Amino acid sequence: MTSQLEAYRLLQAGAEALSFVEEAGVCVDTDYCREELVGVDRRLFRSEVRLKHSPLGKAWIQRYGSAWRHSSVAQLRHILYQDMHAQPFKASEGGSESTDEESLRQTGVDGVEHLLELRRWKKARDVLVSFVRYATQGRMYPSFLLHTVATYRSSSADPNLQNVPHRDKEVMDVCRRAIKPSPGNLLLEIDFSGIEVAIAACYHQDPTMIAYLNDTSSDMHGDMAKELFLLPRFNTPYKEIEGWYTVRQASKNGFVFPEFYGDYYINCAFNIACSWCKLPQNGIWRPDQGASFAGKPLGEHLLSRDIDSLDAFTNHVQRVERNFWERRFKVYNQWRKDWYASYQRTGEFEMKTGFRCSGVLARNQVVNYPVQGAAFHVLLFTLIKLVERLRGMQSRVIGEIHDSAIIDVSPPELDRIIAMAQEIATVEVPREWRWITIPLRIEVARSAIDGNWAEMEAAG
DNA sequence: GGAACTCGCCAC
DNA sequence: AAACGTGGCGAGTTCC
């Protein structure tokens, strides 16, 4: 078992390595930011005009006049739930009626789509403005901290380089085009794929999970997708069927990962029904909408197996969940129970990397912290070694996002750095930590020379 | 005029 | 029994 002293040494070396990362800084194209802000502002203006002329906007201005602010959730709450008598869909953390994206869509009020569009581009605007604000002579210097997070992960600030938009393709493009390699260089991103799932397996040693992780031809998310959506058998491989990727993603992001984090079937069923099947709308189960698979909407696949309501789907997901934890991954499930019981007895637990957690923690925290923390420590170890070995070279590690490192690479050094990263991740990490019993894999992506962070291609 | 709070939302 | 884990940040708002 790794000792607390080793944990301390990892933090010490990590802090030193990250100080070099901070010193290197990130190249940012402020001319691009300023130009792009013109277009973003134009989008914002157009959406604001549309909102003003919608029923929602009219009601808003009628009550607040020139004091109306589309960014004021307090005003919005009043308009939606008092003046327009919309049905609150859920409460926020503090107990008031929520005005988040899901809640706005659920109201069905005419005009919320313009407000959501405003929020989307406001986010992009905030990112570009912060880049301009933090840039000095074409570089900015985000902080990477190791002492702020309960799980012993890192955080980033001023600006936060760990939450630059990615999933929304359009917004991602606008924001990440601003981040560049140094002149003549390229950006390289080294990413540990599925690291949290692999690290979790090092704790629970579930044979079914280990088999999935060792057999690259198996596909856990694909198997779960078939079960979740009751997909029929086909003569052709699933991956050749239209919509397979979407269905698999729905299963992964709507069921498997939420279950790993501690969510449960009622939420999963509802989210999948809303986000992927576009169900239920106004309480009516409409199987003809949403993502489709083999030319048929997912709702129809479900209907053909007698799932004709949200209740029926929820019951089905409950059965899938039982099968998931009580049969498929029962050893994993037993580990969660034992791990939590041990915490309840002792009031503390220790991560595989030697970090100790104590205090009043909820069950989900107790189960998640050791995985989240140790997974990050694998990245931190890799980053420390990379920073060490890049001394005397031209390339610099310039950032880190929990399971990936970003490097500003001088082209002649590219192949050497990729080989270095492969060696560290797949040989040196498991040699340092014998408890790593699952093979670790990295994915490498690169930009063009003088490219940007929005246009990354697989490399290595 | 600033501290502290809530809310929404981006990342992993 | 409980019910998605960890952060940072901007805007609005309230309080002192």
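Below, chains carry the letters A, B, ... as their sequence lines are ordered, and counting in each starts from 1. Because the structure is a prediction, the values reported are computed rather than measured.
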Any base atoms under 4.0 Å from [X], or only sugar-phosphate, or nothing? Heavy atoms, all strands.
X        : value
A:Phe260 : nothing
A:Arg336 : nothing
A:Ser154 : nothing

Quiz item: Hey, is A:Lys337 close enough to A:Glu326 for a salt bridge, meaning N to O under 4.0 Å?
Solution: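 Salt bridge absent between A:Lys337 and A:Glu326.
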
Self-check item: chain A footprint on DNA chain C, 5' to 3' - any atom under 4.0 Å from a heavy atom
Solution: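 Extent of the interface on DNA chain C: C:dA3 to C:dT13.
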
Exercise. Under 4.0 Å from any atom of DNA chain C, heavy atoms only: list the residues of residues 51-68 of chain A that qualify, in numerical order.
Key: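 None - not one residue of the stretch has a heavy atom sitting under 4.0 Å from the strand.
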
Self-check item: Which residues share a salt bridge (charged side-chain N to carboxylate O under 4.0 Å, His left out) with A:Glu102, sequence neighbours left out
Solution: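 If we apply the salt bridge (charged side-chain N to carboxylate O under 4.0 Å, His left out) test to A:Glu102, skipping adjacent residues, the hits are A:Lys90.
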
Quiz prompt | Separation of the C1' atoms in B:dC10 and C:dA3, to the nearest angstrom | solution =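 Result for the C1' pair: 24 Å, nearest Å.
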
Which side-chain hydrogen bond (donor to acceptor under 3.5 Å, both in side chains) pairs, counting each pair once, include a residue from [range], with sequence neighbours left out?
range                       : answer
residues 165-178 of chain A : A:Arg120-A:Asp168, A:Arg120-A:Glu170, A:His166-A:Arg176, A:Lys169-A:Asp173, A:Asp173-A:Arg177, A:Arg177-A:Glu455
residues 59-70 of chain A   : A:Trp60-A:Gln75, A:Arg63-A:Asp83, A:Tyr64-A:His78
residues 35-59 of chain A   : A:Asp41-A:Arg125

Practice problem: Would you mind reading off the bend of the helix from B:dG1-C:dC16 to B:dC12-C:dG5 from its two end axes, five pairs each, to 10 degrees? | Solution: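 If I round to tens, the end axes sit 0° apart.
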
Exercise. For atom CZ of A:Arg77, decide whether the heavy atoms of other residues, nucleotides or ligands shown that lie under 6.0 angstrom number more than 12.
Key: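 Enclosed: over 12 neighbouring heavy atoms sit under 6.0 Å from CZ of A:Arg77.
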
Exercise. If a protein heavy atom is under 4.0 Å from the base, mark B; if only from the sugar-phosphate, S; if neither, -; do that for nucleotides 4-12 of chain B going 5' to 3'.
Key: ---SSBBSB

Not counting sequence neighbours, list each pair that qualifies as a salt bridge (Lys or Arg N to Asp or Glu O under 4.0 Å) and has a residue in [range].
range                       : result
residues 310-320 of chain A : none
residues 250-275 of chain A : none
residues 355-372 of chain A : A:Glu350-A:Arg356

Practice problem: Could you please spell out the steps behind the salt bridge (Lys or Arg N to Asp or Glu O under 4.0 Å) verdict for A:Arg328 and A:Glu227? | Solution: CA-CA 12 Å; A:Arg328 195 183 290 259; A:Glu227 202 176 317; 2.5 Å; yes

Donor-acceptor pairs under 3.5 Å, side chain of residues 9-19 of chain A to any protein atom, not counting sequence neighbours: which ones?
| unit_1 | atom_1 | unit_2 | atom_2 | d |
| --- | --- | --- | --- | --- |
| A:Gln12 | OE1 | A:Tyr8 | OH | 3.0 |
| A:Ser19 | OG | A:Glu16 | O | 2.6 |

Practice problem: Give, for atom CD of A:Gln372 and atom OH of A:Tyr152, the distance between the pair rounded to the nearest 0.5 Å. | Solution: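 Rounded to the nearest 0.5 Å, the CD-OH separation comes to 13.5 Å.
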
Practice problem: Please say which of A:Phe349, A:Tyr369, A:Trp335 ends up in a ring-ring contact (aromatic ring centres under 6.0 Å, His included) with A:Tyr203. | Solution: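 Answer to the ring-ring contact (aromatic ring centres under 6.0 Å, His included) test with A:Tyr203 among A:Phe349, A:Tyr369, A:Trp335: A:Trp335.
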
